[in-house]
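Note that these values count all heavy atoms, side chains included, but never hydrogens, waters or copies made by symmetry. These numbers come from a predicted model, not from an experiment.
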Amino acid sequence: MEPGAVVDRFGDAFDHCDLETVMSLVTDDIVFESTSPSPDGGRFEGADAVRAEWAKLFANTAEPHFETEETVLLGDRAVVRWRYSWRTDSGDRGHVRGVDVLRLRDGRIAEKLSYVKG
């Protein structure tokens with residue numbers, strides 16, 4: 001699968017909280033750096049640790065929605081600008097905007113470094 005197709009499919013699966021598809025698109029030794037806690041975020045290494053972290057995100061967020069605003073491909077790297085929203089306790093939608101810096105290897109995502117505005 002071409003890098004652009006991998007990144008697009010990953011984003012779509014993430015938006016649908018489809019953990020099985022998300023995990024099928026990453027390497028066994030994936031590294032994920034999350035946006036929290038401040039200031040550096042958490043670091044998770046290996047598919048099992050990353051799966052557990054993403055499963056918590058999907059399970060603990062009311063009506064999550066991930067929207068890709070722009071993707072830039074640079075060889076084995078991709079930069080994805082995104083908007084993530086959720087349903088708050090008051091019923092409104094909250095959101096943040098951010099960027100993922102991805103590294104791809106052998107047609108799968110090997111690294112996902114996430115950064116958020118504010």
**Q.** Non-hydrogen side-chain atoms of Asp15 and His65 separated by less than 4.5 Å
**A.** yes
Q | Side-chain donor or acceptor of Arg51 paired with backbone N/O of Glu20 under 3.5 Å | A | no
Q. Do the side chains of Val80 and Val99 get nearer than 4.5 Å, heavy atoms only?
A. no
Q.
Please report the interatomic distance CG(Leu25) to CG(Asp8), rounded to the nearest 0.5 Å.
A. 11.0 Å
Q. So, for Ala78 and Leu73, which heavy atoms are closest and what is the spacing to 0.1 Å?
A. CB-CD2, 3.7 Å
Q) Between Val6 and Leu104, does a side chain to side chain contact (heavy atoms under 4.5 Å, CB included) hold up when you go through it step by step? A) CA-CA 9 Å; Val6 171; Leu104 292 96; 3.9 Å; yes
(Q) Hydrophobic clustering (ILVMFWY, side-chain heavy atoms < 4.5 Å, transitive) - are Val72 and Val116 grouped together? (A) no
Q: Walk me through it: do Glu2 and Arg9 pass the test salt bridge (charged side-chain N to carboxylate O under 4.0 Å, His left out)?
A: CA-CA 11 Å; Glu2 287 187 30; Arg9 187 163 181 219; over 6 Å; no
Q: List in chain and number order the residues that pass side chain to side chain contact (heavy atoms under 4.5 Å, CB included) with Arg83, two or more places apart in sequence or in another chain; answer none if no residue qualifies.
A: Glu67, Glu69, Ser85, His95, Arg97
Q) Below 4.5 Å, heavy atoms only, C-beta onward: do Asp92 and Trp86 meet side chain to side chain? A) no
Q) Are any of the side-chain nitrogens in Arg77 or Glu111 under 4.0 Å away from the carboxylate oxygens of its partner? A) yes
Q | Residue pairs, two or more places apart or on separate chains, that pass side-chain hydrogen bond (donor to acceptor under 3.5 Å, both in side chains) and touch residues 27-39 | A | Thr27-Asp29, Asp29-Arg105, Glu33-Arg43
Q. When rounded to the nearest 0.5 angstrom, what is the spacing between CG in Asp100 and CZ in Phe14?
A. 8.0 Å
Q: May I ask you to check whether over 12 heavy atoms, not counting those of Asp89, lie within 6.0 Å of atom CG?
A: no
Q: Kindly work out whether a path of hydrophobic side-chain contacts (I/L/V/M/F/W/Y, heavy atoms less than 4.5 Å apart) joins Leu19 to Leu57.
A: yes
Q | Test log, rule side chain to side chain contact (heavy atoms under 4.5 Å, CB included), inputs Phe32 and Ser114 | A | CA-CA 8 Å; Phe32 167 55; Ser114 297; 3.6 Å; yes
Q. Which atoms form the tightest heavy-atom contact between Gly42 and Pro37, and what is the distance?
A. N-CD, 3.9 Å
Q: Give a yes or no on whether Val96 and Phe58 share a hydrophobic cluster (residues Ile, Leu, Val, Met, Phe, Trp, Tyr; joining criterion: side-chain heavy atoms under 4.5 Å apart).
A: yes
Q. How far does OG1 of Thr71 sit from CZ of Arg81, to the nearest 0.5 angstrom?
A. 9.5 Å
Q) Can you say whether the rings of Phe66 and Tyr84 are parallel (under 30°), tilted (30 to 60°) or perpendicular (over 60°)? A) parallel
Q | Contacts of Asp18 that satisfy side chain to side chain donor-acceptor pair (under 3.5 Å) - sequence neighbours left out | A | Thr21
Q) Cation-pi between Lys112 and Phe44: NZ/CZ under 6.0 Å from ring centre and within 45° of the ring axis? A) no
Q.
Any side-chain to backbone donor/acceptor pair from Asn60 onto Lys56? Under 3.5 Å, distance only.
A. yes
Q: Check the hydrophobic clustering (I, L, V, M, F, W, Y; side-chain heavy atoms under 4.5 Å; chains of links allowed) and say if Met1 and Met23 are grouped together.
A: yes
